[in-house]
Amino acid sequence: MIKKPRGTEDILPKDSALWNLIETTAKRVCEKYGYKEIRTPVFEETSLFNRGVGETTDVVQKEMYTFNDKGGRSITLRPEGTASLTRSYIENSLYANPQPTKLYYLISCYRYEKPQSGRLREFHQFGLECFGSENSAADAEIITLALDFFNELKVQGLVLNINSIGCPECKPKYNQALKEYFTSHINDLCDTCKSRLEKNPMRILDCKSTVCHEIAKSAPRMIDYLCDDCSREFESLKKYLDTVGIEYKVDTNIVRGLDYYTRTVFEITSDALGAQSTVCGGGRYNGLVEELGGKPTPGIGFALGIERLILILKNQGTDLPQETVPDIFIATIGDKADMFAQKLVHDLRNLGYHAERDLCSRSVKAQMKYANKLDARYSIVIGDDEVDTNKACIKNMNDGSQYETEITSEAISKIIEKENI
Ligand code: HAM
């Protein structure tokens with residue numbers, strides 16, 4: 001039997017109500033902050049991610065789904081959204097609009113990682129990007145938006161960790177300090193990190209190998225090397241967060257796994273997640289637009305993993321939304337009633353009700369069993385007599401009470417509405 005590829009998940013109808021709630025909440029919160037939805041292709045030219053995400057990152061070196069299409073072009077399934085949005089921002093001249101440009105997305109992403117709880121090969125992100133503002137009020141605004149979103153979904157126990165990883169002015173000094181530190185441990189580093197030492201020693205800080213991770217714990221900290229501008233911006237971010245009462249921890253170990261970050265980086269973690277404890281990550285990328293061929297333009301954004309969010313909601317026992325149930329089930333006996341029910345169900349649906357009828361030629365007893373299984377709120381049994389008199393009993397399936405009613409969509413609707421009150 002053919003099975004789904006490793007690291008992918010089917011989102012079944014029983015979970016769709018929750019996915020819909022997450023997506024509509026994301027959209028509603030984004031609208032409040034002036035973010036507009038954008039949709040970009042699932043696949044892009046590979047060079048976009050090589051240049052955007054960075055040649056020395058785990059994502060580019062080990063995790064991309066890259067293939068040649070039938071025209072011989074190298075194509076990659078997007079491992080994340082920021083590079084794609086930056087391409088789209090430049091390609092569609094979105095910089096010509098009043099700045100900043102605030103965009104959000106709900107996307108699937110693809111990374112060839114070792115699957116485990118909270119880590120998939122196809123996963124989904126809710127993310128956003130703000131282009132054109134260098135002000136740390138924008139950093140504070142997107143962090144506030146992320147927490148507002150989690151709050152609306154009643155997610156508890158989250159911790160916000162922030163850090164600054166500097167800019168092209170202060171990073172070289174720091175990189176030099178890192179190089180010296182890691183060179184003294186070179187024999188213990190994994191092969192990938194040995195090759196990173198010259199090109200990009202910061203990448204060693206987020207290597208997933210346990211030995212490299214241990215060594216990285218005592219490495220020099222970027223925060224001690226920040227230039228005056230970066231320090232000032234970091235202080236100002238903290239003040240903006242304080243002013244709206246957002247609690248945070250400064251975690252100098254956050255470096256993030258993608259190369260485009262400058263200055264602010266942050267992660268939101270949950271202890272309901274186990275090893276993959278980061279549900280949301282983001283930061284500034286003031287050099288990315290220029291790196292991808294646009295004019296120098298600052299940017300900041302975040303993305304959160306929807307599967308990880310769902311794990312938190314399930315682990316913390318949140319009341320999850322249920323599948324919708326039929327307002328009414330129309331059971332039938334005989335051919336005349338069958339045709340009548342087809343029209344009645346149609347009319348009720350036109351009035352906006354979730355109406356169902358039997359589609360599997362069941363006996364009337366089996367139809368009622370089925371209505372029970374569907375958890376229908378009301379049911380009506382229609383036979384020849386009911387069609388002739390245009391009257392039948394409508395039954396409230398919760399308390400068993402029955403009323404005689406005309407079997408028109410308007411009369412049935414009145415009963416459902418009256419009981420709703
Ligand atoms: P990221 O940290 O690579 O950042 O991913 C963001 C979130 O996506 C993670 O915190 C996690 O919840 C989820 N995620 C990542 N990989 C997986 C996986 N294999 N399985 C399940 N969930 C996963 C970015 O992608 C950046 N583009 C975020 C950003 C936007 N920075 C600035 N703007």
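Computed from a prediction, not measured in an experiment: that's the story for all the values here. Just so you know, ligand 1 is whichever comes first in the structure, and atom 1 is the first atom listed for that ligand.
Not a single heavy atom of E307 sits under 4.0 Å from any atom of ligand 1. No heavy atom of G257 sits closer than 4.0 Å to any atom of ligand 1.
Of the listed options Y105, F123, F126, F123 places a heavy atom closest to atom 14 (N) of ligand 1. Distances from atom 32 (C) of ligand 1 to the heavy atoms of C109, A303, G301 show the closest one on G301.
The protein heavy atom nearest to atom 13 (C) of ligand 1 is G305 CA, 3.6 Å. Looking only at protein heavy atoms, the nearest one to atom 21 (C) of ligand 1 is G118 O, 3.3 Å. Nearest protein heavy-atom contact of atom 8 (O) of ligand 1 is Q125 NE2, 3.2 Å. Protein heavy atom nearest atom 33 (N) of ligand 1, with residue, atom name and distance: E129 OE1, 2.8 Å. If you check which protein heavy atom lies closest to atom 1 (P) of ligand 1, you get R256 NH2, 3.5 Å. Of the protein's non-hydrogen atoms, L120 N, 2.9 Å is the one closest to atom 20 (N) of ligand 1. Among protein heavy atoms, the minimum distance from atom 27 (N) of ligand 1 is reached at E80 OE1, 2.6 Å. Looking from atom 31 (N) of ligand 1 to the surrounding protein, the closest heavy atom is Y261 OH, 2.6 Å.
In terms of polar-atom proximity, E113 is counted as a contact of ligand 1, with an N or O under 3.5 Å from an N or O of the ligand. Between I300 and ligand 1, no pair of N/O atoms sits closer than 3.5 Å. For T82, a nitrogen or oxygen atom sits less than 3.5 Å from a nitrogen or oxygen atom of ligand 1, counting backbone and side chain alike.
Under a cut-off of 6.0 angstrom, the local environment of CZ in F43 is sparse, with at most 12 non-hydrogen atoms contributed by other residues, nucleotides or ligands. Summarising the local packing, NZ of K179 is surrounded by more than 12 heavy atoms from other residues, nucleotides or ligands at distances under 6.0 Å.
Heavy atoms of R308 found under 4.0 angstrom from ligand 1 belong exclusively to the side chain. By the criterion of a heavy-atom distance under 4.0 Å, both the backbone and the side chain of T278 are placed next to ligand 1. Residue-level proximity to ligand 1 for F266 is absent, since no heavy atom of it falls below 4.0 angstrom. With a 4.0 Å heavy-atom cut-off, ligand 1 is reached by the side chain of L258 but not by its N, CA, C or O.
The line from OG1 of T40 to CD of E91 is 11.0 Å long, rounded to the nearest 0.5 Å.
A cation-pi contact, defined as under 6.0 Å to the ring centre and within 45° of the axis, links K295 to Y95. Stacking of R121 on the aromatic ring of Y112 is recorded, both the 6.0 Å distance cut-off and the 45° axial limit being met.
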Chi angles and distances behind the side chain to side chain donor-acceptor pair (under 3.5 Å) call for T318, Q316: CA-CA 6 Å; T318 314; Q316 69 179 27; 3.2 Å; yes

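Between Y104 and Y33, the ring centre distance reaches or exceeds 6.0 Å. Ring centers of Y260 and Y285: under 6.0 Å apart, within the cut-off.
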